[in-house]
Structures are given as C-alpha cells and as structure tokens.
Undergrad: 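Here it is, the structure, as structure tokens.
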Protein chains: 2
Amino acid sequence: MLSAKMEDYLKAIYRLQRDGDGPVTTSALADALDVTSPTASSMLDTLEERGFVEREKYQGTRLTRDGETVALEVIRHHRLLETYLTEQLGFDWTEVHDEADRLEHHISEEFERRVAAALDDPVVDPHGDPIPSETLEPLDGTPGITLAEQEPGDVVVVERVSDRDPEELSYLSKQGITPDQRVEVLDVAPIGMMTVRVDGDEVSLPDRVTEMIQVITVEEAEL
Amino acid sequence: MLSAKMEDYLKAIYRLQRDGDGPVTTSALADALDVTSPTASSMLDTLEERGFVEREKYQGTRLTRDGETVALEVIRHHRLLETYLTEQLGFDWTEVHDEADRLEHHISEEFERRVAAALDDPVVDPHGDPIPSETLEPLDGTPGITLAEQEPGDVVVVERVSDRDPEELSYLSKQGITPDQRVEVLDVAPIGMMTVRVDGDEVSLPDRVTEMIQVITVEEAEL
DNA sequence: CCTTGGCGTTAGTTGACCCTAATGCTGAGC
DNA sequence: GCTCAGCATTAGGGTCAACTAACGCCAAGG
Ligand SMILES: [Mn+2]
Ligand SMILES: [Mn+2]
Ligand SMILES: [Mn+2]
Ligand SMILES: [Mn+2]
C-alpha cells in the first residue's frame with residue numbers, strides 16, 4: 001500500500017504538473033513538500049519503481065496514469081472532506097484544510113461513499129475547487145482567468161479561492177471574497193496591488209493573492 | 001508527539017490492566033497487538049522513558065496517570081467515531097470498528113468536539129461501551145455481569161457487546177443480540193454452550209461469546 | 001571551450017517499528 | 001535448595017522514510 005507521504009508526493013506532482021508546463025523538477029517538488037532535494041529524489045525512485053511516475057534523469061518527472069489516479073483519489077478525499085466538515089460538522093470553511101489534509105489519507109472507500117452520499121455527490125468544494133468523480137476521470141486542466149488579470153471597471157464573479165494558506169483564506173473570507181461573490185475592479189496600482197469593491201466595501205489585495213483567485217465573467221456566472 | 005502505534009500500545013495496556021488483576025505482562029501485551037515479546041518490550045522501554053508507563057523488570061507494566069489519559073483520549077475518539085459513523089453516516093454498526101480504529105489516531109480535538117456536539121454528547125457507543133468524558137475522567141472499572149454467568153430461566157437485558165471481532169459482532173447482530181435487547185436463558189449445555197431466546201427465536205452461543213456479552217437485570221434496565 | 005554555480009543524484013546516517021536468536025530471571029515442583 | 005520451564009530482556013538485524021554531506025551533470029558567460 002501507499003503511505004500518506006507517498007500520496008502527498010503524488011498530489012504535489014499533480015499540482016505542479018498542472019500549473020507548470022513541462023515535467024516537474026525535483027527541486028520544485030522538494031520545495032512544495034518542504035523536504036530536501038535528495039529526499040524528494042529518492043522518494044521519486046520509489047514511486048518510479050512502483051509505477052506511479054516516469055523520470056528522465058536530470059530532466060524531471062511526470063505522473064503515469066496510475067499516479068494520476070492516485071492523485072485524483074486523494075484530491076477527491078480532500079475536497080469531499082472539506083465540504084463535509086464545512087456543511088455537516090459546522091467547521092468554518094477557513095479552518096478545514098489541515099484536518100482534510102490529514103484525514104484524506106486515512107478514510108476508507110466506504111467512508112468516501114457515505115460522505116459523498118450525505119452531501120448529494122457534490123461537484124465543487126467550499127473553495128470552489130472541482131471534486132473528482134468517483135470514477136476519477138481526469139479534471140479539466142485549462143487554467144482559467146484570475147482576478148489579477150482584470151482591469152479597472154471589470155466586474156467578475158469569484159469562482160475559486162486557493163486554500164493553500166489558511167490565514168490568507170480567513171482574511172479573504174472576512175473581506176467577503178468567497179465563491180459566487182461579485183467583485184468590481186476599482187484600481188490597479190503599479191506596485192503590484194489592486195483595489196476592488198466587494199459587497200459595497202473597498203478591499204486592496206497584493207498580486208500574489210489576486211493571482212490565486214480564479215474568476216468568471218458575470219455572464220458565465222448566470223448559467 | 002505520539003505515533004499511532006504508541007497510542008495502540010497504551011490502549012491495549014489500558015484494556016489488559018482493566019480486565020486482569022495485577023500489572024500487565026509483556027507477553028499478554030505482545031499477544032494483544034500481534035507482535036513478538038521483544039518488540040513489545042522495547043516499545044515499553046520507550047513508553048517508560050516518555051512517562052506513560054511504569055515497569056518493574058520482569059514484573060510487568062502499569063500505566064501512569066499520563067498514560068491512562070492518553071488511553072482514555074484514544075478510546076473516546078474510537079467510541080465517538082463508532083457512534084457517529086453509525087448514527088450520522090449510515091454505517092452498519094457491525095462495520096464501524098476498523099474505520100474507527102484507524103481514524104481515532106488522526107482526528108483533531110476540534111473534530112472530536114464537533115462530532116460530540118453533533119451527537120449531543122453521548123455517553124455510550126453503539127455496542128453499549130461507555131464513552132470517556134471530554135475531561136477524560138477514569139471510567140468505572142467494575143467488571144459487570146456477563147451472559148455466561150446466567151442460568152436457565154434467568155431473563156436479562158444486553159448492556160454491552162464486545163466489538164473485537166467484526167464477524168462475531170455481525171452474527172450476533174443478525175440474531176438480534178444488541179444493546180437493550182431482552183434475553184432469556186433457556187439451557188446451559190455442559191459442553192461450554194448456552195441456548196437463549198431472543199425476540200421469539202432460539203439462539204445457541206459458545207462460552208467464548210457469552211463471556212463477551214455484558215448484561216444487566218430487567219429491573220436495572222427499567223431505570 | 002572552459003569554468004562555474006545551480007540543480008540532481010548518490011552515499012551514508014538516523015529514528016521508528018518490526019523480526020529471530022540468544023541470554024537472563026523467577027517461581028513451582030521435586 | 002536445585003532444577004527447569006516459561007516468560008522477559010538483550011543483541012543484532014532489516015525496512016522505510018526522512019536527513020546531511022559529497023559528488024556529478026549541465027548550460028550560460030567569459
Ligand atoms: Mn484544501
Ligand atoms: Mn476514494
Ligand atoms: Mn470498537
Ligand atoms: Mn480528544
């Protein structure tokens with residue numbers, strides 16, 4: 001069987017592969033997982049041996065279909081758990097990430113099925129992230145538009161908010177920036193910052209944050 | 001922090017200490033955890049070093065107050081999880097043990113609180129086992145009466161059914177032997193077996209099973 | 001084309017958790 | 001009081017997943 005760590009590696013490779021272009025470098029992976037390169041490198045050996053990744057020496061790593069399936073499975077667990085903790089157990093949706101990040105490795109398929117059923121088979125989690133189906137079909141990999149790309153006067157609707165940093169997430173939530181929220185861009189400062197209007201209030205956000213907020217047009221949102 | 005294994009050791013020592021009389025022998029512990037004696041012995045060294053157990057060389061092991069607290073914590077997690085899985089997620093109560101046995105080591109205190117609240121702070125789990133309080137007060141250690149001790153003609157009410165063996169549990173459940181069920185002893189055979197009437201049906205059970213079924217008198221049950 | 005800095009891999013170490021084989025203790029029966 | 005069986009501990013090893021230190025590759029700049 002796979003250890004929790006191995007699942008974390010596969011999940012991280014999946015993300016990096018989706019966000020970047022070519023194969024995933026060892027150091028990017030090490031960075032994402034907060035381990036040293038040698039540690040990542042030797043784990044990659046193991047994962048290759050078991051058929052979850054393919055590597056070209058010095059040239060980076062790609063997931064095999066098996067590896068992608070495992071990654072999608074873990075992501076499904078994670079997002080179902082976040083949804084469940086939020087909607088059924090009353091967790092604040094800014095606080096669920098760590099809990100889901102641990103439990104995703106420890107629940108059974110039966111647990112997964114029951115949770116999905118209790119939630120009526122949801123297709124997105126509370127951050128707006130898509131939940132892989134039970135059959136683990138690959139997710140649509142097209143990047144989507146971010147708030148950072150918008151210009152003054154543009155009005156868009158928040159689709160997804162990254163859940164990487166709980167503090168950031170909590171702050172955004174307090175400012176009213178959550179999925180389905182309508183946002184108007186007021187000003188783009190040349191110092192890597194943007195001011196938007198949300199629910200009547202003005203909020204300023206640095207680029208590193210607006211880049212993590214995925215949006216759709218108002219027209220798309222009405223569908 | 002404590003590993004899942006360490007928690008399992010402490011839980012096992014707690015049980016053996018409660019069921020037996022004196023300190024827990026290394027081989028009994030090894031048996032319970034399905035490891036060899038040397039393995040158990042060296043884990044006990046570690047647990048002693050960390051202050052969770054006290055040992056007298058060759059004379060056995062006892063939990064310290066800290067060790068008991070950890071054991072109670074894990075047992076609380078286990079029993080809350082079993083109750084939650086059964087009552088809120090629709091698991092069959094014969095199938096929850098393994099799931100709870102893994103998850104008990106991985107849920108946060110926040111998760112524990114939310115689950116307890118969702119269940120209205122239950123005091124017994126679906127097998128009839130008492131759930132330690134949030135403050136982890138020691139549980140009442142008095143043994144209780146078992147079905148095995150009853151004689152023909154006695155009528156009692158099931159209080160607790162052991163959840164150690166899922167198959168056994170499933171069989172008993174199918175026969176209607178669950179907490180709060182009234183049972184009449186019809187016959188005690190001299191070959192280590194007993195026949196009882198449950199809900200109109202006759203059921204025969206070997207001693208090793210009736211010893212694991214804790215009962216109370218009909219009068220006690222009415223309180 | 002050769003150097004050099006950065007990244008990747010290899011080698012060796014550690015800690016957790018398991019094993020088997022050998023040795024040490026203890027108490028019950030002679 | 002001695003013996004010996006049974007249990008406990010010690011010794012020695014293995015695997016897994018992390019680490020640090022050392023070494024190898026490679027591409028960009030001189
Ligand atoms: Mn998340
Ligand atoms: Mn799954
Ligand atoms: Mn149980
Ligand atoms: Mn707890």
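Below, chains carry the letters A, B, ... as their sequence lines are ordered, and counting in each starts from 1.
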Undergrad: List the residues meeting salt bridge (charged side-chain N to carboxylate O under 4.0 Å, His left out) with A:Glu112, not counting sequence neighbours, and say none if there are none.
TA: A:Arg76
Undergrad: Expressed in angstrom and rounded to an integer, what is the separation of B:Leu33 atom CG from C:dC17 atom P?
TA: 12 Å
Undergrad: So what does A:Ser27 hit on the nucleic acid, given a heavy-atom distance under 4.0 Å: a base, only sugar-phosphate, or nothing?
TA: sugar-phosphate
Undergrad: Taking the nucleotide of DNA chain D with the closest heavy atom to each, which residue, A:Pro38 or A:Tyr9, is nearer the 5' end?
TA: A:Tyr9
Undergrad: Between D:dT9 and B:Ser37, is there an OP1 or OP2 to side-chain N/O distance shorter than 4.0 Å?
TA: no
Undergrad: Should A:Thr36 be listed as having a side-chain N or O under 4.0 Å from OP1 or OP2 of D:dC19?
TA: yes
Undergrad: Return the nearest nucleotide to the side chain of B:Lys5; candidates are C:dT9, C:dC17, D:dA18.
TA: C:dC17
Undergrad: So what does B:Thr39 touch, heavy atoms closer than 4.0 Å: a base, only the sugar-phosphate, or nothing?
TA: base
Undergrad: Are B:Ile107 and B:Arg114 close enough that some pair of their side-chain heavy atoms sits under 4.5 Å apart?
TA: no
Undergrad: Taking atom P of C:dC18 as reference, at what distance in whole Å does atom CG of B:Leu29 sit?
TA: 11 Å
Undergrad: Please give me every residue in residues 42-60 of chain A whose heavy atoms get under 4.0 Å of an atom in DNA chain D, ordered by residue number.
TA: A:Met43, A:Tyr58
Undergrad: Rounded to the nearest angstrom, tell me the gap between atom CG in B:Leu2 and atom C1' in C:dA16.
TA: 13 Å
Undergrad: In chain order, what residues pass the salt bridge (charged side-chain N to carboxylate O under 4.0 Å, His left out) check against B:Asp98, with sequence neighbours excluded?
TA: none
Undergrad: Does B:Arg208 have any side-chain hydrogen bond (donor to acceptor under 3.5 Å, both in side chains) partners at least two apart in sequence or in another chain, and if so, which?
TA: B:Glu168
Undergrad: Using the salt bridge (charged side-chain N to carboxylate O under 4.0 Å, His left out) criterion, which residues pair with A:Glu7? Sequence neighbours excluded.
TA: none
Undergrad: Base, sugar-phosphate, or nothing: which does B:Thr26 touch, judged by heavy atoms less than 4.0 Å apart?
TA: sugar-phosphate
Undergrad: Just to verify, what does B:Arg62 make a salt bridge (charged side-chain N to carboxylate O under 4.0 Å, His left out) with, not counting sequence neighbours?
TA: B:Glu54
